[in-house]
Amino acid sequence: MPVPSILFRPDDRRAPRTPPAQPAYFGDLRLDHLVDALVRGREDYELSRYFYAPLHDEQQIRYRQEVLRDLRRPELRACVGSFAEKMRAMRDGLGQADLLRHPLQRQRWLLGSALDYLDAVRTLADGLGAAADVRSAGLLGVRAMLDDYRRSTPFVRLADDAARVTELLDGVEYCVTITGTKVTVSRCEGEDDYSRHVSGLFARFERHGANSYRSKFSGLPEANGVEAKVLDLVAKLFPKPFAALDRFCETHRDYAAEAVTNFDRELQFYLGFCAYIERLERRGLLFCFPEVSATRKEVHARAAFDIVLANKLAIEDSPVVCNDFELSGPERLFVVSGPNQGGKTTFARMFGQLHHLARLGLMVPAESARLFVCDEIFTHFERGENLADLHGALKDDLVRIHHVLGSATDRSVIIVNEIFGSTSLADARFLAGRILGEMLDLDVLGVCVTFIDELAGLSDKTVSLVSRTDADDPSSRTYRFERRPPDGLAHALALAERRGVTYQALRERLAR
Amino acid sequence: VKAHLLYRCHNFDRDLGRPWNAEALIEDLGLDTVLDAMADGNPFFADVARTVLLTSEPDPDTILHRQAVLRDVLAHPEVAAQIYELAGDVVAGERRIYRGYVGEDPSATLNWAVRVLQLCTEALRTLRQLARDHRNVFESDGLTELWGQLLDELTDAYFDEVGDTLDTLKFEHGMRVSARLGQGNKGRDYVLRTPPRRTRDWLRWLTGDPEHGLSFQINERDDGAMQALAELRGRGVDLAADALARSGEHMLSFFTGLRWELAFYLGCGNLRRTLTEAGWPTSFPTPLSAGSRTLKAGELYDAGLCLRAKTGLVGNDLHAEDKDLLLITGANQGGKSTFLRALGVAQLMTQCGMFVTARSLSASVAGGVYTHYRREEDEWLIHGKFDEELSRFSDTVDDLPAHAMVLFNESFASTNEREGSEIARQVICGLRDSGVRVLFVTHLHDLAHGLYAERDPAALFLRAERAEDGTRTYRIVEGEPLATSYGPDLYAEVFGSSAKNRVTGPPDHAA
């Protein structure tokens with residue numbers, strides 16, 4: 001049976017053989033945090049390698065975008081989510097069967113895992129089959145594979161056998177009588193449910209929604225000594241179902257098909273990402289499929305944000321500030337200046353994150369975006385830890401930026417954040433001007449965060465961005481960037497507006 | 001059995017806690033004195049009184065329900081006290097029953113539940129006797145329903161059956177559970193079956209009948225096996241233990257609730273006794289629907305001030321019908337704040353179902369009572385004082401329910417008069433247009449005059465009266481806001497350059 005892929009086009013199966021290393025810019029852009037969060041709880045699938053390996057081809061990117069677009073539709077999401085859960089249950093069941101000692105327990109776990117597997121395959125095949133408009137080539141390939149597989153003899157036999165054995169076992173009901181230290185197992189003879197008598201008697205005192213006093217019992221899968229003995233006696237009292245179970249395990253030891261397990265693994269690449277962004281979408285943040293081009297350097301985004309910061313803010317229940325950006329015509333570089341803590345670094349990271357995510361074929365944190373498929377992303381962020389040795393730090397800065405400029409091409413993205421903070425202003429102005437000039441000559445795309453105002457107007461290829469401050473409260477940060485400084489508002493009204501207690505604000509807040 | 005003394009159909013939700021603005025209400029309206037009088041030294045009374053008084057009840061019918069119960073309690077304080085004592089005994093008795101592993105070990109849960117149920121059934125029998133002895137003394141729905149349930153619903157036969165069942169649950173002749181095969185062939189769906197009778201099992205044990213079962217014996221010295229056996233028994237009794245424990249909890253909550261709700265009424269009794277002994281009038285107010293926007297009072301006093309001042313207070317009349325703004329201006333130290341406080345306290349007392357300190361009062365209920373007072377002590381705040389006021393008000397807005405009532409005292413005056421008046425005007429209009437009633441004490445003349453000029457029939461303008469000779473009468477009368485706040489008068493009084501006879505009265509912030 002062929003093994004279809006939803007990560008790579010059939011004609012270009014370049015699944016990385018040796019797992020690629022984490023790209024150098026991951027730390028600066030906080031993408032390491034992102035990937036940690038994306039793969040958390042999915043470690044078994046070894047997904048990091050895919051997040052480390054950006055695609056360089058528009059076709060490849062669109063192949064994934066189409067798959068993700070399909071998977072984002074609620075009916076498909078529900079279906080593949082449920083499939084993945086059942087596959088996980090299957091693996092857990094197999095693992096459990098290996099750990100247990102009692103043979104009757106091991107056999108039952110194997111049967112249980114087979115039921116999960118059957119359920120998973122059926123859920124997926126039904127869901128994909130019922131979905132009216134699966135458009136992506138990737139998922140269409142999987143659908144075709146499943147159609148064949150479900151009709152195949154191994155699958156049909158597995159399904160029949162599992163159902164029959166389960167039915168037999170489910171029919172077993174037994175009674176345990178405990179008298180002192182003696183335990184007797186017998187078939188049931190229709191005794192009354194005494195708990196029901198007790199609840200009936202006290203019904204008038206029972207309160208709905210009251211605390212539960214149900215005890216928690218050991219959820220351990222392993223039967224304890226008494227349970228194991230009881231189970232042995234139950235097997236003696238009911239020989240037929242247990243014989244059937246034994247035969248099932250002989251026949252169906254390795255039942256899972258590779259095409260199914262491979263899809264399960266690749267799916268996690270998308271599901272991890274979806275789970276992450278949906279938390280943010282529920283808070284009103286928007287994600288989009290970027291338009292990608294490997295040739296046009298005119299990029300823009302509306303309402304873009306730092307995905308990692310947004311996640312942190314979501315946990316703290318704080319609002320997230322979005323920013324628009326646009327480079328058109330000859331414009332290539334954003335020069336970002338403004339007060340400290342104004343969000344400059346965040347803006348720089350956001351720009352880099354968007355370009356990395358776009359190259360993975362994923363959605364980007366913005367309402368809409370057009371992005372450039374670059375060949376490489378370079379970052380140069382100040383290294384705080386070297387400040388003790390100023391001369392060394394400056395040299396280190398220069399060595400690193402020199403290396404970056406030597407490796408970059410006219411198709412690269414470079415993000416430079418507050419460099420030369422460790423030298424005199426005159427030096428910094430001189431060096432930063434030179435570096436910026438080199439970048440402009442290379443015609444790279446990028447962001448340069450700086451405290452040196454003069455850099456902003458260096459060329460028609462640069463766009464100056466300034467973080468906007470609240471005219472009435474210069475101490476507060478808006479974290480917004482714009483090409484022009486803002487206008488002011490009257491002091492008291494501005495304060496009232498910010499607190500949401502003007503007439504209009506009150507009417508809106510109290511409208512209910 | 002249920003006792004609904006504060007609501008017709010349910011108990012007061014004691015877990016709800018106090019409203020978030022509780023501290024502000026207590027401070028701004030000077031409620032500590034009222035609460036102290038209700039507590040009369042009993043911290044439990046204090047706690048209950050605080051919660052009920054501050055949780056404004058917006059339903060007029062519920063308020064009338066409470067007034068009726070309160071009338072009963074005031075008329076028969078000794079019966080109410082006996083019920084309270086009995087409930088207290090149960091609460092104290094339960095604390096002596098070992099809880100240990102309740103909810104973790106089903107046998108412990110069962111044990112606890114049986115003892116709790118024994119304690120509670122005993123108390124119910126006593127309470128039923130009390131109801132028999134005072135069969136027809138009550139008139140309120142709340143208390144007559146309680147009596148009715150005790151007399152009609154609980155029979156001796158029922159009490160006997162409960163006793164038998166509690167005995168059977170000791171499982172003296174062994175216990176039996178049924179189960180099915182679950183995950184990994186472990187047992188699931190454990191169901192407790194009617195416990196076996198002695199003879200049958202004994203016979204079976206003798207014959208060892210293989211048709212009916214297979215047995216094994218556990219070594220008593222094998223700790224692991226004994227523990228496993230206990231767990232199996234636990235699975236069997238779990239459901240029954242749960243049902244019993246929930247019943248026990250319910251009976252306990254009945255007594256806890258009864259004690260709690262009665263504590264409120266006994267506290268009201270304490271307050272009334274104190275007020276009556278000092279000669280202040282009290283009356284049951286008429287609660288009106290929220291939409292009528294009415295506040296009418298005859299000889300209204302500030303209850304807190306009554307408790308402190310004992311004598312020499314001036315009662316005020318008010319006639320506000322279909323008004324959603326009361327704007328109070330006038331002389332400093334002229335009784336504006338006292339009047340505002342009296343209105344706020346009366347509103348709270350009305351809405352918790354209590355009497356008020358007035359000859360008569362009818363008030364539209366509010367969705368909630370809120371205060372926004374100028375805070376002197378916050379001046380150091382980094383936000384700046386005006387911003388602090390705005391921010392505090394904004395927090396209030398987050399919480400405002402429909403038909404809320406907000407009391408402002410000299411708010412938004414911490415900036416210049418023009419800005420302050422503008423913000424206050426927007427706030428007042430924004431609130432009124434959203435269905436909130438506003439009581440506003442201010443000396444912002446720009447604000448008061450501007451609103452007066454609108455001739456809005458739903459706005460009532462009041463001012464602290466000043467006699468011809470400049471003395472204050474501490475009466476609040478209807479009238480157009482005047483341009484001055486009589487600051488010079490006060491200055492003269494304090495600095496003594498003008499010696500005139502004045503009506504003596506309490507200062508504005510009697511403490």
Side-chain angles (χ1 to χ4, degrees), chain A residues 96 100 104-105 108-109 112 169 172-179 181-186 188 191-195 198-199 201-202 205-207 210-218 221 223-227 229-231 233 236-237 492 495-496 499-503 506-507 509-512, chain B residues 103-106 109 165 174-181 183-186 191-194 196 201 212-218 220 224-225 228-229 232-235 238-247 249-251 387 390-391 393-394 397 400 415 419 423 426-427 429-431 433-434:
Chain A
Q96 196 57 61
L100 291 169
L104 295 180
Q105 282 207 282
R108 187 66 194 261
W109 275 101
L169 289 166
V172 173
E173 187 183 24
Y174 57 95
C175 259
V176 181
T177 307
I178 305 167
T179 319
T181 53
K182 186 177 160 221
V183 181
T184 305
V185 183
S186 60
C188 289
E191 292 93 338
D192 284 341
D193 182 341
Y194 199 65
S195 313
V198 172
S199 338
L201 184 60
F202 288 97
F205 295 119
E206 239 176 298
R207 200 167 41 151
N211 288 333
S212 167
Y213 285 87
R214 298 291 298 274
S215 297
K216 286 206 174 50
F217 294 99
S218 130
N224 63 37
V226 171
E227 286 173 325
K229 279 182 186 157
V230 169
L231 178 55
L233 296 188
K236 272 188 197 163
L237 281 174
L495 287 176
R499 296 294 179 189
V501 297
T502 57
Y503 177 81
L506 285 172
R507 293 289 287 139
R509 291 173 71 182
L510 293 170
R512 55 197 166 211
Chain B
E104 293 165 48
D105 172 6
T109 306
T165 302
M175 64 171 291
R176 176 171 294 154
V177 296
S178 69
R180 292 174 175 277
L181 292 170
Q183 194 175 48
N185 278 335
K186 295 236 303 181
V191 175
L192 182 67
R193 300 291 169 177
T194 306
D201 253 43
H212 289 93
L214 303 165
S215 300
F216 62 92
Q217 189 79 36
I218 283 170
E220 273 179 60
L229 188 63
L232 186 57
R233 290 171 60 100
R235 288 183 194 271
D238 192 38
L239 268 179
D242 178 48
L244 279 182
R246 279 188 291 147
S247 306
E249 184 191 87
H250 175 73
M251 284 219 211
D387 194 30
L390 294 173
S391 144
F393 175 62
S394 181
V397 174
L400 283 186
T415 181
E419 282 185 336
I423 300 296
Q426 294 210 17
V427 164
C429 296
L431 290 177
D433 289 354
S434 307

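To find a chain, count down the sequence lines: A is the first, B the second, and so on, and within it residues start at 1. A quick note: this is a predicted structure, and the numbers were derived from the prediction, not measured.
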Peer 1: State, to 0.1 Å, how close B:Val427 and A:Val501 come at their nearest heavy-atom pair, and which atoms those are.
Peer 2: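 Taking B:Val427 first and A:Val501 second, the nearest heavy atoms are CG2-O, 3.7 Å.
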Peer 1: Report yes if the side chains of A:Leu510 and B:Asp433 come closer than 4.5 Å at any heavy-atom pair, otherwise no.
Peer 2: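 A:Leu510 vs B:Asp433: side chains apart.
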Peer 1: Taking salt bridge (Lys or Arg N to Asp or Glu O under 4.0 Å) as the test, write out the residues that go with B:Arg180, two or more places apart.
Peer 2: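 Residues passing salt bridge (Lys or Arg N to Asp or Glu O under 4.0 Å) with B:Arg180: A:Glu173.
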Peer 1: First locate atom CZ of A:Phe217, then atom CG of B:Asp105, and finally report the distance between them rounded to the nearest 0.5 Å.
Peer 2: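 Those atoms lie 8.0 Å apart.
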Peer 1: Heavy atoms only, distances under 4.5 angstrom: which of B:Gly430, B:Gly103, B:Ser178, B:Ala179 has the most pairs with chain A? Name it, please.
Peer 2: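 Ranked by heavy-atom pairs under 4.5 Å with chain A, first place is B:Ala179.
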Peer 1: I need the residue from B:Glu104, B:Met251, B:Arg235, B:Gln183 with the largest number of non-hydrogen atom pairs under 4.5 Å to chain A.
Peer 2: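 Maximum pair count with chain A is reached by B:Arg235.
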Peer 1: Atom OH of A:Tyr194 and atom OG1 of B:Thr165: how far apart are they, to the nearest 0.5 Å?
Peer 2: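 Rounded to the nearest 0.5 Å, the OH-OG1 separation comes out at 4.5 Å.
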Peer 1: Among A:Asn224, A:Asp192, A:Leu231, A:Thr502, which has the most heavy-atom pairs under 4.5 Å with chain B?
Peer 2: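 Looking at each option in turn, the highest pair count goes to A:Asp192.
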Peer 1: Quick check: do A:Arg108 and B:Lys186 have side-chain heavy atoms less than 4.5 Å from each other?
Peer 2: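 Contact flag for A:Arg108/B:Lys186 side chains = no.
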Peer 1: What's the spacing between A:Thr181 OG1 and B:Leu229 CG if we round to 0.5 Å?
Peer 2: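 Reported value, rounded in 0.5 Å steps: 8.0 Å.
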Peer 1: Hey, what do you get for OH (A:Tyr503) to CG (B:Leu431), rounding to the nearest 0.5 Å?
Peer 2: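 If we round to the nearest 0.5 Å, A:Tyr503:OH and B:Leu431:CG are 10.5 Å apart.
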Peer 1: Indicate the atoms forming the closest heavy-atom contact of A:Ala496 with B:Ile423, along with that distance.
Peer 2: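 So the two residues come closest at CB-CD1, 3.6 Å.
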Peer 1: Do B:Ser434 and A:Arg509 come close enough that some side-chain heavy atom pair is under 4.5 Å?
Peer 2: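 They are not in side-chain contact.
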Peer 1: When only pairs under 4.5 Å are counted, which of A:Ile178, A:Val226, A:Val230 shares the most heavy-atom pairs with chain B?
Peer 2: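 The candidate making the most pairs under 4.5 Å is A:Ile178.
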Peer 1: Can you tell me which of B:Gly224, B:Ala241, B:Gly184 forms the most heavy-atom pairs within a distance under 4.5 Å of chain A?
Peer 2: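 That would be B:Gly184.
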Peer 1: With sequence neighbours excluded, what pairs up with B:Glu220 under the salt bridge (Lys or Arg N to Asp or Glu O under 4.0 Å) test?
Peer 2: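 None.
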Peer 1: Answer with side chain, backbone, both or neither: which region of A:Lys229 has an atom nearer than 4.5 Å to a non-hydrogen atom of chain B?
Peer 2: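 Both backbone and side chain of A:Lys229 come within 4.5 Å of chain B.
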Peer 1: Nearest 0.5 Å please: distance from the CG atom of A:Asp193 over to the CG atom of B:Leu192.
Peer 2: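 Output value for this atom pair is 7.5 Å.
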Peer 1: With a 4.5 angstrom heavy-atom cut-off, is it the side chain or the backbone of A:Leu233 that approaches chain B, or both, or neither?
Peer 2: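 Looking at A:Leu233, backbone and side chain both touch chain B.
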Peer 1: Measuring heavy-atom distances to chain A, does B:Thr194 have an atom under 4.5 Å in its side chain, in its backbone, in both, or in neither?
Peer 2: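 Both backbone and side chain.
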Peer 1: Using modelled atom types only, decide if a donor and an acceptor are shared between the side chain of B:Asn185 and the backbone of A:Gln105 within a distance under 3.5 Å.
Peer 2: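 No; judged by distance alone, with no hydrogens or angles, the pair does not exist.
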Peer 1: Knowing that exactly one of B:Asp242, B:Asp238, B:Thr109 qualifies, which makes a side chain to side chain donor-acceptor pair (under 3.5 Å) with A:Arg214?
Peer 2: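 One option only clears the test, and that one is B:Asp238.
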Peer 1: Do the side-chain N and O atoms of B:Arg246 and A:Ser199 include a donor-acceptor pair separated by under 3.5 angstrom?
Peer 2: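 A:Ser199 and B:Arg246 do not have a side-chain donor-acceptor pair below 3.5 Å.
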Peer 1: Any idea which of B:Gly174, B:Ala240, B:Ser394 has the most non-hydrogen atom pairs under 4.5 angstrom with chain A?
Peer 2: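 Heavy-atom pairs under 4.5 Å are most numerous for B:Ser394.
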